[in-house]
Amino acid sequence: MSAAGVRTSAAALFTALLLAVTAACTGGDGTSPTPRGSSPSGGRAAVLAVKIDNVAPARPHTGLERADIVYVEQVEAGLSRILAVYSSALPPVIGPVRSARETDLELLRQFDRPALAFSGAQSQLLPVIDRAPLDPVPPSKAPGAYFRGPDRPAPHNLYLRPQRIPFEASGVNAVGELGLRVGAPPSGGEREGSRTVRYPSASVTFTWSAERERWLVSLDGSPARTTEGDRLGAGTVVVQSVTVRPSDFRDRSGNTSPFTETVGSGDAVVLRDGRAYEARWTRSATDADTVYTTPDGQRVDLAEGPLWILYAPRGGA
């Protein structure tokens, strides 16, 4: 069989597996789904956050197009990783899922005890995650919710079946948890056709499509697509200038993990409706929401559609 035929067969097998997973009520190992609608703490998680791989072997992503909010942050070696937040609806499969970082814990304090799905974490970080005000759901706690896809090598092939973890979509967009809302654009702004956010070893580009009324996403210079081939897009993009410093944790290769400071204040750029608006962001404490305002103090409202928030190292966007 030719190389193209092998790739086609593998893709078909993976698609078939996703469809089978979607339709199944129990896992192939006979594991029953974890009861939905309640968290391990006895309450109900307001949102589900999933840590998603974002290097070339992990693409295209699955289920990312259904996220209410997509965060992009810097990780080791100057690469980027995604934290996708779901509340209004859940896709049948999300992934590839990767490991959590210390940055995620401070970021997620903006939500009311979210569920966090991740593949694992550095051993010294795991007890910190367990103490955090969230409901961690790694494979060790919900083995029937995860599976390995056949079309790519580990570690870029771990997927989540969110219906099998203790979480149920509320039907309400997660942006409301941040105190944000859909509304009219602020006054002013400048026409913007494209904006690129650069990390030391990665980039994300947003190109305005008037026809689709979306900012079309490109990752590392290539169009970002779903596993079905559709182009990923954002209704609103926030490029948030932040301090990125070394954390106290290292990855398995000994590289120091960066920590993104999401409490504080700084400059931001908001992209919506084909225009760019200068803004400021302020977050007074870990349990406070991030507030986005124009230089003259107007609150910045969102356009319809997914919200992408990129934590851009100061001076790097």
Side-chain angles (χ1 to χ4, degrees), residues 11 14-15 18 22 47-75 79-98 107 117 149 151-152 156-160 162 169 173-175 178 180 182 192-199 201-240 269-276 302-312 317:
F14 183 53
T15 300
L18 289 183
T22 302
V47 302
L48 167 64
V50 184
K51 201 62 185 285
I52 296 179
D53 205 348
N54 195 32
V55 294
R59 303 173 193 147
H61 296 108
T62 299
L64 186 58
E65 71 279 6
R66 301 289 296 276
D68 295 333
I69 307 169
V70 177
Y71 291 97
V72 182
E73 63 189 51
Q74 182 177 324
V75 292
L79 297 169
S80 65
R81 194 161 287 183
I82 288 170
L83 185 69
V85 177
Y86 299 83
S87 180
S88 59
L90 286 178
V93 177
I94 302 172
V97 180
R98 287 300 300 272
L107 186 168
D151 70 330
R152 59 190 69 174
H156 313 294
N157 64 347
L158 182 67
Y159 293 86
L160 170 71
N173 196 304
V175 298
L178 300 179
L180 300 173
V182 173
E192 183 95 355
S194 180
R195 172 70 63 115
T196 297
V197 178
R198 291 183 173 84
Y199 298 91
S201 303
S203 66
V204 185
T205 299
F206 298 92
T207 303
W208 176 247
S209 169
E211 179 182 1
R212 295 186 55 182
E213 297 184 330
R214 286 287 187 273
W215 295 93
L216 302 182
V217 183
S218 295
L219 299 171
D220 300 332
S222 298
R225 300 187 183 279
T226 68
T227 49
E228 290 77 24
D230 298 326
R231 190 76 182 269
L232 284 175
T236 306
V237 179
V238 177
V239 182
Q240 188 171 328
V269 174
V270 176
L271 307 177
R272 56 165 297 176
D273 308 312
R275 302 183 74 85
L302 309 178
E304 294 280 356
L307 168 64
W308 282 57
I309 298 177
L310 290 90
Y311 292 126

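All residue numbers in this chain count up from 1 along the given sequence.
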With a 4.5 Å limit on heavy-atom distance, are the side chains of [X] and [Y] in contact?
X    : Y    : answer
V47  : I69  : no
D68  : V85  : no
L219 : V204 : yes
L158 : P96  : no
V239 : F206 : no

Q | Qualifying salt bridge (Lys or Arg N to Asp or Glu O under 4.0 Å) pairs, either residue in residues 52-63, two or more places apart | A | D53-R98, R59-D220
Q) Got a donor-acceptor contact below 3.5 angstrom from the N173 side chain to the S88 backbone? A) no
Q: Taking Y86 for its side chain and G63 for its backbone only, find out whether a donor-acceptor pair lies under 3.5 Å.
A: yes
(Q) Can you give me the closest heavy-atom contact between E192 and W215, atom names plus distance? (A) O-CH2, 3.3 Å
Which value, rounded to the nearest 0.5 Å, describes the distance between [X] atom [atom1] and [Y] atom [atom2]?
X    : Y    : atom1 : atom2 : value
E304 : D273 : CD    : CG    : 10.5 Å
I309 : E73  : CD1   : CD    : 12.0 Å
I52  : S80  : CD1   : OG    : 12.0 Å
R214 : W208 : CZ    : CH2   : 8.0 Å

(Q) My understanding is that only residues two or more places apart in sequence, or in another chain, count here; which of them pass ring-ring contact (aromatic ring centres under 6.0 Å, His included) with Y311? (A) Y71
Q) Excluding sequence neighbours, so at least two apart, what forms side-chain contact (heavy atoms from CB on, under 4.5 Å) with S209? A) E211, R212, L216
